[in-house]
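Read the structure below first, then the notes.
Since we're looking at a predicted model, the values are computed, not measured. Order of listing sets the numbers, starting from 1, for every ligand and every atom in it.
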Amino acid sequence: MNKKTVRDIDVKGKRVFCRVDFNVPMQNGVVTDDTRIRAALPTIQYLMEQGAKVILASHLGRPKGKVVEEMRLNAVAERLSELLGKRVVKTDEAYGDAVKAAIAQMNEGDVLLLENVRFYPGEEKNDPELAKAFAELADVYVNDAFGAAHRAHASTEGIAHHLPAVAGFLMEKEIEVLGKALSNPDRPFTAIIGGAKVKDKIGVIENLLDKVDNLIIGGGLAYTFVKALGHEIGKSLLEEDKIELAKSFMEKAKEKGVNFYMPVDAVVADDFSNDANKKVVNIDEIPSDWEGLDIGPKTSELYRDVILKSKLVIWNGPMGVFEMDAFAEGTKAVAQALADAEGTYTVIGGGDSAAAVEKFGLADKMDHISTGGGASLEFMEGKQLPGVVALNDK
Ligand SMILES: Nc1ncnc2c1ncn2[C@@H]1O[C@H](COP(=O)(O)OP(=O)(O)O)[C@@H](O)[C@H]1O
Ligand SMILES: O=C(OP(=O)(O)O)[C@H](O)COP(=O)(O)O
């Protein structure tokens with residue numbers, strides 16, 4: 001990475017505004033998955049050890065510029081305190097006089113967490129005034145929020161124009177791992193794209209066709225491709241206006257010598273529910289009033305073979321509706337193949353795929369699980385991430 005990191009600056013005694021992505025799932029006021037908090041610990045602990053006054057900032061959810069009580073960061077501060085073994089002070093605002101007064105009380109090595117930055121309308125608008133108000137709190141800016149690096153917001157981008165601005169360790173690692181995967185991949189290089197958001201993923205599929213040896217398609221978005229081949233897909237997920245594009249991708253794959261793998265069979269159901277009637281059919285035999293909710297066993301086997309022969313695999317998006325046990329087998333099979341693949345570097349691209357490997361107890365078998373869903377996708381599409389661009393060059 002050609003950006004400066006926390007290693008390149010002296011932070012002793014300095015107030016460091018460190019943007020993290022603590023956008024974690026919560027239920028009844030308790031953090032239910034602290035992966036993102038743990039992922040930021042190396043940077044936080046380094047700053048503490050170096051004698052910085054660590055001021056953490058994060059968003060949680062999408063409160064749309066207003067205070068939403070359930071989206072306060074109090075529970076996050078509690079969890080972070082437990083993980084650090086040190087009390088983290090939490091302010092009820094993210095800038096202003098009360099916050100400045102709390103910061104003035106800090107000693108070297110102390111940690112303070114600001115309130116949810118998205119309680120202010122200026123955050124998502126990247127309002128220069130809010131960016132300045134954040135900058136006034138500190139001497140140095142550190143961005144460790146890879147999961148939010150695709151957002152040009154006041155605390156992820158604007159503030160970097162007012163202070164010395166460097167990357168944290170998580171940001172550095174994410175960019176390095178994903179960057180290496182794309183620029184200098186070990187081969188055969190396989191990308192597995194699944195999930196439901198066809199529109200969001202079309203761009204990444206197009207970009208990956210220039211880079212991979214094998215492209216595997218699964219999940220809800222596969223049916224637009226099945227339809228493009230001229231098959232009946234019943235009530236399966238369809239993005240009608242992307243059929244032509246899907247066709248062009250399959251042609252492009254052929255021209256470029258990319259092996260394009262699509263489901264050869266599917267688990268279809270007569271209802272979108274765990275208790276629906278279900279059966280396995282060949283991909284060109286989906287009944288008109290049924291819908292495909294998982295890849296079938298023949299497809300799982302085919303995909304497993306491709307995975308085991310690969311040296312690098314990146315995976316984004318489940319193979320089926322894995323949240324329902326009845327349609328989790330395909331996603332589980334792919335996760336298991338990744339876990340079993342020896343000498344294969346496996347990268348999980350955030351979001352639901354990360355939740356899936358966690359659910360199947362295979363997370364520790366993966367080489368890199370990205371903390372960013374949208375961010376890793378945009379990175380793989382070849383887009384510049386504003387939160388990274390704004391940092392100081394080496
Ligand atoms: N065949 C399918 N039909 C409908 N939804 C599906 C299908 N396969 C997967 N999904 C859904 O896709 C969702 C994840 O999609 P997406 O958000 O694109 O993935 P990610 O979060 O990994 O980027 C999951 O909630 C899953 O239930
Ligand atoms: O959870 C996040 O995105 P992700 O689910 O795509 O990884 C990030 O914290 C960004 O949140 P946002 O999509 O509300 O800007």
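Under a 4.0 angstrom heavy-atom cut-off, Gly320 registers as being in contact with ligand 1. Under the 4.0 angstrom criterion for non-hydrogen atoms, Lys201 is in contact with ligand 1. Not a single heavy atom of Phe327 sits under 4.0 Å from any atom of ligand 1.
A side-chain N or O of Ser155 and one of Arg19 form a donor-acceptor pair less than 3.5 Å apart. For the residue pair Glu174 / Thr371, a side-chain donor-acceptor distance below 3.5 Å is found, with atom types taken as modelled. Counted by atom type alone, Thr35 and Asp33 present one or more donor-acceptor pairs between their side chains at under 3.5 Å.
Here Asp325 pairs with Lys359 in a salt bridge; the nearest charged N to carboxylate O distance falls below 4.0 Å. Classification of Asp110 and Lys86 as a salt-bridged pair holds, one side-chain N sitting under 4.0 Å from a carboxylate O. The pair Arg187-Asp213 counts as a salt bridge, with a side-chain nitrogen and a carboxylate oxygen less than 4.0 angstrom apart.
Classification of the Phe169-Tyr46 ring pair by plane angle, with boundaries at 30° and 60°, yields perpendicular.
Taking a cut-off of under 4.0 Å to the non-hydrogen atoms of Ser353, the atoms of ligand 1 that pass are 22 (O). Using a 4.0 Å cut-off to heavy atoms of Tyr223, the atoms of ligand 1 that qualify are 1 (N). Ligand-side atoms of ligand 1 in range of Asn316: 23 (O), range being under 4.0 angstrom from any heavy atom. Within the listing of ligand 1, atoms 17 (O), 18 (O) sit less than 4.0 angstrom from a heavy atom of Lys197. Within ligand 1, the atoms closer than 4.0 Å to a non-hydrogen atom of Gly219 are 1 (N), 8 (N), numbered from 1 in the order shown. Less than 4.0 angstrom separates some heavy atom of Gly292 from each of these atoms of ligand 1: 1 (N), 2 (C), 3 (N).
Distance from atom 7 (C) of ligand 1 to its nearest protein heavy atom, with residue and atom name: Gly220 N, 3.3 Å. Protein heavy atom closest to atom 22 (O) of ligand 1, with residue, atom name and distance, is Asp352 N, 3.1 Å. Taking atom 15 (O) of ligand 1 as the reference point, the nearest protein heavy-atom neighbour is Ala196 N, 3.0 Å. Protein heavy atom nearest atom 4 (C) of ligand 1, with residue, atom name and distance: Val321 CG2, 3.8 Å.
Of the possible polar contacts, one joining the Asn392 side chain to the Ala165 backbone as a donor-acceptor pair under 3.5 Å is found. With Thr346 contributing its side chain and Val313 its backbone, the two residues share no donor-acceptor pair below 3.5 Å. Remark: the backbone N or O of Glu115 is not paired with any side-chain donor or acceptor of Lys90 at under 3.5 angstrom.
An N or O contact shorter than 3.5 Å is missing between Asp294 and ligand 1 by distance. Backbone and side-chain nitrogen or oxygen atoms of Leu237 are examined, and none is located within less than 3.5 angstrom of a nitrogen or oxygen of ligand 1. At least one N/O-N/O distance between Glu323 and ligand 1 falls below 3.5 Å. On a distance-only criterion, Phe322 and ligand 1 share no N/O pair closer than 3.5 Å. Considering backbone and side-chain atoms alike, Pro318 places every N or O at 3.5 Å or more from each N or O of ligand 1.
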Task: Stepwise salt bridge (charged side-chain N to carboxylate O under 4.0 Å, His left out) check, Lys100 with Glu136 - done: CA-CA 9 Å; Lys100 281 183 186 161; Glu136 275 177 19; 2.9 Å; yes
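Annotation: the span from Thr91 atom OG1 to Leu112 atom CG amounts to 5.0 Å, rounded to 0.5 Å. Considering CG of Leu41 and CG of Leu80, their distance stands at 6.5 Å, rounded to 0.5 Å. Of the inter-residue distances, the one linking Ile55 atom CD1 with Cys18 atom SG reads 10.0 Å to the nearest 0.5 angstrom.
Of all the heavy atoms in Phe119 and Val68, the pair that sits closest is CZ-O, 3.3 Å.
With distances taken over non-hydrogen atoms, the option nearest atom 3 (N) of ligand 1 out of Leu293, Ile348, Leu377 is Leu293.
Protein residues with any heavy atom under 4.0 Å from ligand 2: Asp21, Asn23, Arg36, His59, Arg62, Arg118, Gly147, Arg151, Gly372, Gly373, Gly374.
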